[in-house]
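To start, the structure under review is shown below, and the notes come after it.
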Amino acid sequence: LTPTTSQYFALLEFKAPETGKTNPNSSMKALIIDDERLARVALRRLLAEYPHIDIVGEAEDADSALGKIMNLQPDILFLDVQMPGKAGSP
């Protein structure tokens, strides 16, 4: 499955939390979470067009994602909400 821009992009610019203003010099730490390797690769390609997004890691399942979220403390997550084991709905 190849992700499309509409599936993943809701935020294309980073607003500094302290001021709420756009800061083109700030980077946003991102974590990609998807069980499909090809989807992660495609999303990396899409995100490469946004220099202010710094991909700090990837996870292929919910358990490893939780550990990476705690360790890497990303600003934004790009995730598949329907993965084996755990899903995005209660």
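In what follows, every heavy atom counts, from backbone to side chain, and hydrogens, waters and symmetry copies are set aside. In this chain, numbering begins with 1 at the start of the sequence shown.
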Task: Closest non-hydrogen atom pair between S27 and D75, with its separation - done: O-OD2, 4.2 Å
Task: Heavy-atom pair of closest approach, residues K68 and A59 - done: CD-CB, 4.2 Å
Task: Check: L72 main-chain N/O paired with K29 side-chain donor or acceptor under 3.5 Å - done: yes
Task: Beyond-backbone contact of D35 with D61, side-chain heavy atoms, under 4.5 angstrom - done: no
TODO: Could you pull out the closest heavy-atom pair between D34 and A39, with the gap in Å?
DONE: OD2-CB, 3.5 Å
Task: Heavy-atom side-chain proximity of I32 to L77 below 4.5 angstrom - done: no
- [ ] Using a 4.5 Å cut-off on heavy atoms from C-beta on, say whether the side chain of E60 contacts that of E36.
- [x] no
TODO: Might you work through the side chain to side chain contact (heavy atoms under 4.5 Å, CB included) test for I33 and D80, ending with a clear yes or no?
DONE: CA-CA 6 Å; I33 305 166; D80 179 353; over 6 Å; no
Task: Shortest non-hydrogen contact from A30 toward I53 - done: CB-CG2, 3.7 Å
Open item on the list: So, taking the atom named CZ in R40 and the one named CD in E58, what distance separates them when rounded to the nearest 0.5 Å?
Closed with: 5.0 Å
Open item on the list: Between I55 and R44, is there a side-chain heavy-atom distance shorter than 4.5 Å?
Closed with: yes
Open item on the list: I need the I76 CD1 to L47 CG distance, nearest 0.5 Å.
Closed with: 8.5 Å
Open item on the list: With clusters defined by side-chain heavy atoms of hydrophobic residues (ILVMFWY) lying less than 4.5 Å apart, directly or transitively, does V41 cluster with L46?
Closed with: no
